[in-house]
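Values in this document were obtained by computation on a predicted structure and should not be read as measured data. Note on naming: letters A, B, ... go to the chains in the order of the sequence lines (proteins, then strands), and numbering restarts at 1 for each one.
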Protein chains: 2
Amino acid sequence: MDRRQKKTRRAILASFRALLEKKRYEHITVQEIIDGADVGRSTFYSHFETKDMLLDALAGEIFQHIFEDDPCPWVGKDGELEGKLSHILWHIRAERENLAGVLLSDSGELFMGYFKNHLKAVFTQYIDNFTQDVPRGFLIEYLSGSFAETVRWWIKEGMKTSPEDVAKYFMGMVNRK
Amino acid sequence: MDRRQKKTRRAILASFRALLEKKRYEHITVQEIIDGADVGRSTFYSHFETKDMLLDALAGEIFQHIFEDDPCPWVGKDGELEGKLSHILWHIRAERENLAGVLLSDSGELFMGYFKNHLKAVFTQYIDNFTQDVPRGFLIEYLSGSFAETVRWWIKEGMKTSPEDVAKYFMGMVNRK
DNA sequence: AATGATACCGAACAAAGTGTTCGAAATATA
DNA sequence: TATATTTCGAACACTTTGTTCGGTATCATT
């Protein structure tokens, strides 16, 4: 990939992210984005078909890092839900600047939607070892919603709590005795 | 209020709601709304300052009914969280057509935001009788997110489960032994 | 019914935003 | 240096927004 392309793409995404912290997504114009990125109008449209595609690209880029299965310093049992969640929380902390900007913005709910979809996939996969007396569909929606909101609380609090404690709170709520 | 005003307002809201089931909020134009409502352009703007105000009005109208404290056939202990939630669930079922249209739409996350804000107020009020070993702020976010998602699941499933069972599932998840 | 008051219509308007095109200029790669 | 690729920027047609205003329809009252 050409250096110029990478540079331009990064500039556009950065400008877009900065604008998201100031106003709602639907009120952001392409003109503002390219002004912030210092990029020509036609250049923008050669990179992104539409503003929605830019949103998808940004969300994809952020959550891709968080939900990938690469190794991380976290130690714990693999294949179990608690381990997977700790893994994810660790990645989230590594991406805190990026995530905080979008999840706490006025368009936060938009990104919560993306976030919950990723989480649903995770819970769908890991829910087997988690027998319950409630319907499976209910459980997946419940866990995705509560975990996403837990993470947003964590970020809002400035991540004072450790990822381990967050996972503990969450699992404690889910499986309290 | 004049009959004409009520009629026009209802027509606009109905048209808006119908459009929300077809496309995302930000792609809906005022032109489409007034075409669907069969109403003049200036009339629209004499009722709603902007499209965002229309969104607020719709959300307000829907959730107002759900969160009001009027009497309902549900019987249970007042002043307790479980009772309050049953009350809310009962109202939700009464408004199912309205709620399903917006919560399951492509703009669902937008309305989930409104929904969660209302829920936060409820949980903030009722959380006292609910001592936990987790931070209060965390608890409120957690419960709002999980309850909102629970309700969306309920609606998506066609509300086959009874409100009582939904409340049971939810409280069971929150306070399992 | 007649009469004010009020709400609606619809056409026209300026302003702003969208998405495209194209030749010239800048920059990468070999 | 030569060549391919990317960017620039201005111009373009088009859509959407929000306002204005004179004329018309509808309401509540007597």
Side-chain angles (χ1 to χ4, degrees), chain A residues 1-61 102 105-111 114, chain B residues 1-61 102 105-107 109-111 113-114:
Chain A
M1 198 183 194
D2 202 308
R3 287 180 209 161
R4 291 169 293 181
Q5 281 192 60
K6 280 193 267 186
K7 206 172 133 193
T8 300
R9 188 187 163 87
R10 265 199 299 267
I12 291 173
L13 285 168
S15 168
F16 183 42
R17 197 165 357 207
L19 285 165
L20 278 169
E21 298 185 18
K22 287 181 204 139
K23 45 168 71 182
R24 280 235 310 255
Y25 167 71
E26 67 256 33
H27 294 145
I28 295 173
T29 69
V30 174
Q31 192 60 51
E32 292 172 313
I33 297 170
I34 64 179
D35 284 350
D38 198 30
V39 149
R41 183 166 197 75
S42 50
T43 305
F44 174 89
Y45 282 105
S46 76
H47 278 260
F48 301 99
E49 210 171 317
T50 165
K51 218 177 66 183
D52 281 357
M53 296 296 185
L54 174 60
L55 178 65
D56 275 351
L58 178 59
E61 207 162 277
V102 297
S105 73
D106 285 343
S107 308
E109 296 302 328
L110 224 52
F111 290 92
Y114 285 97
Chain B
M1 201 180 192
D2 202 309
R3 287 180 207 161
R4 292 168 292 181
Q5 281 191 61
K6 280 193 266 185
K7 206 172 133 194
T8 301
R9 188 187 162 88
R10 264 199 300 266
I12 291 173
L13 284 168
S15 169
F16 183 43
R17 201 169 349 212
L19 285 165
L20 277 170
E21 298 185 18
K22 287 180 204 141
K23 45 169 69 181
R24 280 236 309 255
Y25 167 71
E26 68 256 31
H27 293 145
I28 295 173
T29 69
V30 174
Q31 192 61 50
E32 293 171 313
I33 296 170
I34 64 179
D35 284 350
D38 197 29
V39 147
R41 183 166 197 74
S42 50
T43 305
F44 174 88
Y45 282 106
S46 77
H47 278 260
F48 301 99
E49 212 171 317
T50 164
K51 217 177 66 185
D52 282 356
M53 296 296 184
L54 173 60
L55 179 65
D56 275 351
L58 178 59
E61 206 162 277
V102 298
S105 73
D106 285 342
S107 309
E109 296 303 327
L110 224 50
F111 290 91
Y114 285 97

Report yes if a donor N or O on one partner sits less than 3.5 Å from an acceptor N or O on the other, where the partners are the side chain of B/Arg41 and the base of D/dG18; otherwise report no. yes

Please report the shortest heavy-atom distance between B/Arg41 and B/Ile34, naming the atom on each side. CA-CD1, 3.7 Å

For B/Ser42, what residues pass the side chain to side chain donor-acceptor pair (under 3.5 Å) criterion, not counting sequence neighbours? none

Between which nucleotides of DNA chain C, read 5' to 3', does contact with chain B run, using atoms under 4.0 Å from its heavy atoms? C/dT6 to C/dG10

Residue mapping more 5' on DNA chain D - nearest nucleotide basis, B/Met1 or B/Ile28: B/Ile28

Once you apply a heavy-atom cut-off of 4.0 Å, does B/Thr29 come out as touching a base, just sugar-phosphate, or nothing? sugar-phosphate

Helix axis bend for the helix from C/dA1-D/dT30 to C/dA30-D/dT1 - C1'-based end axes, five pairs, 10° rounding: 40°

Any donor-acceptor N or O pair under 3.5 Å, side chains B/His27, B/Asp106: no

How far apart are the closest heavy atoms of A/Arg24 and B/Tyr25, and which atoms are they? NH2-CE2, 4.0 Å

To the nearest 0.5 Å, how far apart are CD in A/Glu26 and CG in A/Leu110? 8.0 Å

Starting from P on D/dT26, measure out to CZ on B/Arg3 and report it in whole angstrom. 12 Å

Nearest atoms (heavy-atom pairs only) where A/Val39 meets A/Phe44: CG1-N, 4.1 Å

Name all residues meeting the side chain to side chain donor-acceptor pair (under 3.5 Å) criterion together with A/Arg4; count only those two or more places apart in sequence or in a different chain, and write none if there are none. A/Asp2

Once rounded to the nearest 0.5 Å, what's the spacing between atom CG of B/Leu55 and atom CE of B/Met53? 11.0 Å

Atom pair NE2 (A/His47) and CD1 (A/Ile12), whose distance is rounded to the nearest 0.5 Å: 5.5 Å

Separation of D/dT16 atom P from A/His27 atom NE2, nearest Å, is 16 Å

Any carboxylate oxygen within less than 4.0 angstrom of a Lys/Arg side-chain nitrogen, looking at B/Glu61 and B/Arg9? yes

Heavy-atom nearest pair, B/Ala11 first then B/Ala37, reads O-CB, 3.5 Å

DNA chain C contacts among residues 18-26 of chain A, heavy-atom distance under 4.0 Å: none

Between the protein and nucleotides 2-7 of chain D, list every N/O to N/O distance that falls short of 3.5 Å.
unit_1 : atom_1 : unit_2  : atom_2 : d
D/dT5  : O2     : A/Arg4  : NH1    : 3.2
D/dT5  : O2     : A/Arg4  : NH2    : 3.0
D/dT6  : OP1    : A/Gln5  : NE2    : 2.3
D/dT6  : O4'    : A/Arg4  : NH2    : 3.3
D/dT7  : OP1    : A/Arg4  : O      : 3.2
D/dT7  : OP1    : A/Thr8  : OG1    : 2.8
D/dT7  : OP1    : A/His47 : NE2    : 3.2
D/dT7  : OP2    : A/His47 : NE2    : 3.3

Expressed in angstrom and rounded to an integer, what is the separation of A/Tyr45 atom OH from D/dC14 atom P? 17 Å

What one should report as the nearest heavy-atom pair of A/Ser15 and A/Gly36 is OG-CA, 3.5 Å

Salt-bridge criterion met for B/Lys22 and B/Glu32 (N-O under 4.0 Å): no

